[in-house]
Q: 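Here it is: the structure, laid out below.
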Amino acid sequence: MEIFFKITTVIGLGIIELWAAIPAGLAIGLNPLLTGIASALGSVVAAVLVAFLGDRIRNWLIKRRSGKKTGKENSRIYRVWNKYGIIGLGLLSPLLTGAPLGAAIGISLGASPARLIIWMVIGIIVWTIILTIIGTLGITGFKALLN
């Protein structure tokens, strides 16, 4: 039963922030592989929820504001979006802004939810592997220094 609570905690933290989930999972003694899987699962769940619910909210807002200019074309985030697109957002947002906020940004800029989720999942997996390896090596190194 204890392992269930550890995994549930890491999934919950992964929903909020990948950066918090991995160190927490390693700190509570969860196996690094389980830590990576649980934190990635949490981040993917958050990104999927925001992407698909966000699309409905975005469409509703567009209908309400029909025809009104937003000034979006001159914003910095819009210029970055034009330069790096959905691939850049999907790969970088799990690390820089977190998966839920990255999905919200992508949806607000008009990304296809399906394509956004594919690239977000790839980004989440890549950063989960990197952060889990770094965290595991850090803990191992710290234990070696203590001995």
Q: Between Ile3 and Leu34, does the side chain to side chain contact (heavy atoms under 4.5 Å, CB included) criterion hold? Intermediate values first, please.
A: CA-CA 10 Å; Ile3 191 88; Leu34 286 176; 4.2 Å; yes

Q: Looking only at heavy atoms, what is the nearest atom pair of Gly106 and Leu89, with distance?
A: CA-CD2, 3.3 Å

Q: Got a second to check how far Thr132's OG1 is from Leu33's CG, nearest 0.5 Å?
A: 9.0 Å

Q: Using modelled atom types only, decide if a donor and an acceptor are shared between the side chain of Ser39 and the backbone of Gly36 within a distance under 3.5 Å.
A: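 Pair found, side chain donor or acceptor close to backbone of Gly36.
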
Q: Could you state whether Phe52 and Leu49 fall into the same hydrophobic cluster, counting links through intermediate Ile, Leu, Val, Met, Phe, Trp or Tyr residues with side-chain heavy atoms under 4.5 angstrom apart?
A: no

Q: Taking side chain as C-beta onward, heavy atoms only, is Val50 less than 4.5 Å from Ile107?
A: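 Sidechains of Ile107 and Val50: no contact.
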
Q: Is Leu13 reachable from Ile28 through a run of I, L, V, M, F, W or Y residues, each pair having side-chain heavy atoms under 4.5 Å apart?
A: no

Q: Between atom CG of Leu131 and atom CH2 of Trp19, what is the distance when rounded to the nearest 0.5 Å?
A: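 One gets 5.0 Å once the value is rounded to the nearest 0.5 Å.
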
Q: When hydrophobic residues are tied together by side-chain contacts of less than 4.5 Å, even through go-betweens, does Ile118 share a cluster with Ile87?
A: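 Yes, it is one cluster - the side chains of Ile118 and Ile87 are joined through contacts under 4.5 Å.
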
Q: Donor-acceptor check, side chain of Trp119 to backbone of Gly88, threshold 3.5 angstrom: yes or no?
A: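 No: the side chain of Trp119 does not pair with the backbone of Gly88.
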
Q: Quick check for you: to the nearest 0.5 Å, what is the distance between Leu41 atom CG and Ile124 atom CD1?
A: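 Those atoms lie 10.0 Å apart.
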
Q: So how far is it from Phe142 CZ to Leu146 CG, rounded to the nearest 0.5 Å?
A: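 The CG atom of Leu146 is 4.5 Å from CZ of Phe142, to the nearest 0.5 Å.
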
Q: Give me the atom names and distance for the closest heavy-atom approach of Met120 to Ala99.
A: CE-O, 3.1 Å

Q: Please check if the side chain of Ser43 supplies one atom and the backbone of Ala40 the other of a donor-acceptor pair under 3.5 Å.
A: no

Q: Taking all heavy atoms of Ala103 and all of Ala51, pick out the closest pair and write down the distance.
A: CB-N, 4.2 Å

Q: Please determine whether residues Leu116 and Ile105 belong to a single hydrophobic cluster, defined as Ile, Leu, Val, Met, Phe, Trp and Tyr linked transitively by side-chain heavy-atom distances below 4.5 Å.
A: yes

Q: Can you name the closest pair of heavy atoms from Val10 and Ala21 and give their distance?
A: O-CB, 3.6 Å

Q: Once rounded to the nearest 0.5 Å, what's the spacing between atom CD1 of Ile130 and atom CG of Leu95?
A: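 With rounding to 0.5 Å, CD1 (Ile130) is 8.5 Å from CG (Leu95).
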
Q: Specify the closest pair of heavy atoms between Glu17 and Thr97, including all atoms of both residues, with the distance to one decimal.
A: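 Shortest heavy-atom separation between Glu17 and Thr97 comes out as OE1-O, 4.2 Å.
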
Q: Give me the atom names and distance for the closest heavy-atom approach of Lys6 to Leu30.
A: CB-CD1, 4.1 Å

Q: Just verifying a value: how many Å separate Leu91 CG and Ile86 CD1, rounded to the nearest 0.5 Å?
A: 10.5 Å

Q: Is there a continuous path of hydrophobic side-chain contacts, each under 4.5 Å between heavy atoms, that joins Leu18 to Ile129?
A: no

